[in-house]
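Notes follow once the structure below has been shown.
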There are 2 protein chains.
Amino acid sequence: MGIKRLTRQRRAVLEVVQHAKGYHPDAAWVYGEVRKAVPNISLGTVYRTLEALTEDGYLMPLSRPGEAIRYDANLDGHLHLTCRKCGEFFDIVAPLPDLLSGVRAKYPEFELEGVQVEYQGVCQKCKNVDG
Amino acid sequence: MGIKRLTRQRRAVLEVVQHAKGYHPDAAWVYGEVRKAVPNISLGTVYRTLEALTEDGYLMPLSRPGEAIRYDANLDGHLHLTCRKCGEFFDIVAPLPDLLSGVRAKYPEFELEGVQVEYQGVCQKCKNVDG
DNA sequence: GTGGTTGCAAAGGCTTTGCAGGCAC
DNA sequence: GTGCCTGCAAAGCCTTTGCAACCAC
């Protein structure tokens with residue numbers, strides 16, 4: 001249902017998440033950080049705020065099987081590289097051709113809104129650890 | 001650690017998942033189906049088998065924030081449409097341009113293996129339900 | 001003042017795990 | 001026979017939710 005009132009807690013969560021650009025934090029990490037500014041904030045409030053911010057379009061959730069939901073506060077249309085070994089998400093910038101119009105023409109009954117492109121592989125750090 | 005022995009349970013799970021092409025089932029659904037053939041199979045075994053099949057490359061996990069992991073047994077390189085409202089995954093076939101070489105050249109330190117393209121929007125059924 | 005928001009704690013859902021017995025090879 | 005695999009049940013996450021008090025507007 002989005003955010004209707006800007007409380008101290010929400011201001012703090014927003015600030016933490018926006019300063020974490022490139023880190024893609026999950027709820028637990030945000031909770032830990034926000035507690036430095038608002039020591040008695042509850043984990044439930046963090047979850048509720050992250051959900052509300054997502055609904056309002058400030059955040060995009062990233063999910064990997066079996067892992068906690070991470071949030072991306074950088075909605076400038078960048079892409080992600082994800083490491084198959086450590087699960088980390090890396091932001092990248094790359095030009096994309098028009099992927100939408102072909103599919104839109106072929107599947108007109110589906111109301112196409114966007115497309116997510118996610119690159120997968122092994123990051124430098126994990127590559128160096130084991131072959 | 002993959003599959004080393006082909007037991008009755010694993011044969012049954014494999015059969016169920018492969019016959020579910022296009023449905024993208026989760027562990028609970030597979031459990032329900034497999035029980036028709038092997039009534040006393042346990043949910044734990046289903047989870048372990050799905051994990052092993054994934055490791056061996058027979059399945060690809062699909063995840064959406066806050067939902068159970070679904071599995072795709074169709075690894076022919078098709079794409080997915082996902083409905084923002086009901087969460088369903090639909091298989092689509094569409095030509096894709098070369099998305100890899102540009103990124104590979106720009107981020108050589110990352111061992112790029114593949115790219116996932118996921119289309120998002122609202123499916124026909126959900127579109128008809130509410131504007 | 002009103003009703004959205006919070007903290008707390010309990011509950012919920014999905015998934016993993018320890019263990020003793022069983023079975024594929 | 002060996003050791004991988006199974007069923008069972010408990011435990012482990014992550015996340016959601018009910019409720020009374022609180023506070024932004």
Side-chain angles (χ1 to χ4, degrees), chain A residues 1-17 23-56 58-72 86-89, chain B residues 1-17 23-56 58-72 86-89:
Chain A
M1 64 187 245
I3 286 191
K4 303 247 173 77
R5 292 179 189 174
L6 200 50
T7 62
R8 196 158 63 94
Q9 291 87 338
R10 292 183 165 182
R11 227 188 305 267
V13 169
L14 232 175
E15 174 145 339
V16 163
V17 177
Y23 177 66
H24 312 104
D26 60 13
W29 185 89
V30 172
Y31 177 59
E33 288 299 304
V34 172
R35 264 172 114 63
K36 295 176 184 170
V38 186
N40 69 330
I41 194 175
S42 73
L43 187 54
T45 293
V46 171
Y47 273 101
R48 280 184 286 228
T49 303
L50 291 173
E51 186 191 349
L53 289 171
T54 299
E55 268 183 53
D56 286 353
Y58 292 109
L59 300 177
M60 187 174 75
L62 305 174
S63 66
R64 280 173 61 86
E67 291 192 9
I69 301 171
R70 287 152 164 266
Y71 292 88
D72 191 346
C86 67
E88 204 53 63
F89 289 90
Chain B
M1 63 186 248
I3 286 191
K4 303 246 173 79
R5 290 178 190 174
L6 200 50
T7 61
R8 198 158 63 94
Q9 291 87 339
R10 292 185 163 182
R11 228 189 304 268
V13 169
L14 231 176
E15 174 144 339
V16 163
V17 177
Y23 176 66
H24 312 104
D26 59 15
W29 185 88
V30 172
Y31 177 61
E33 287 301 303
V34 172
R35 265 172 114 63
K36 295 175 184 170
V38 186
N40 69 331
I41 193 175
S42 73
L43 186 54
T45 293
V46 171
Y47 272 101
R48 280 183 285 227
T49 303
L50 291 173
E51 185 191 350
L53 289 172
T54 299
E55 266 183 54
D56 286 352
Y58 293 109
L59 300 177
M60 187 175 74
L62 305 174
S63 66
R64 279 172 61 87
E67 290 192 9
I69 300 170
R70 287 152 163 267
Y71 292 88
D72 190 346
C86 67
E88 204 54 63
F89 289 89

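Naming convention: chains lettered A, B, ... in sequence-line order (proteins, then strands); numbering from 1 in each chain.
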Using whole Å, what does the distance between atom [atom2] of nucleotide [N] and atom [atom1] of [X] come to?
X	N	atom1	atom2	answer
A:Tyr31	C:dT6	OH	C1'	13 Å
B:Leu50	C:dT15	CG	C1'	11 Å
A:Asn40	D:dC23	CG	P	10 Å

Can you tell me how far OH of B:Tyr47 sits from OG of B:Ser42, rounded to the nearest 0.5 angstrom?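 Separation between the atoms: 11.5 Å.
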Rounded distance (nearest 0.5 Å) linking atom CG of A:Leu62 with atom CD of A:Glu67: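 One finds 11.0 Å between CG of A:Leu62 and CD of A:Glu67.
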Just by protein heavy atoms under 4.0 Å, how would nucleotides 9-21 of chain D read 5' to 3' in B, S and -? -----SBBBB---
Holding to ring-ring contact (aromatic ring centres under 6.0 Å, His included), I want the full list of residues that pass it with A:Tyr23, two or more places apart in sequence or in another chain. A:Trp29
Check whether any side-chain heavy atom of [X] sits under 4.5 Å from a side-chain heavy atom of [Y], and report yes or no.
X	Y	value
A:Thr54	A:Met60	no
A:Glu88	A:Arg70	yes
B:Ile3	B:Arg10	yes
B:Glu15	B:Arg11	no

Looking at B:Tyr58, I want to see if its OH is surrounded by more than 12 non-hydrogen atoms of other residues, nucleotides or ligands under 6.0 Å. no
Can you tell me which nucleotide in D:dG7, C:dT6, D:dC5 comes closest to the side chain of B:Arg10? D:dC5
OP1, OP2 of D:dG7 versus side-chain N and O of B:Gln9: anything below 4.0 Å? yes
Check the interface with nucleotides 21-25 of chain C: list each N/O to N/O pair with the protein under 3.5 Å, or write none.
unit_1 : atom_1 : unit_2 : atom_2 : d
C:dA24 : N3     : B:Arg5 : NH1    : 3.2
C:dC25 : OP1    : B:Leu6 : N      : 3.4

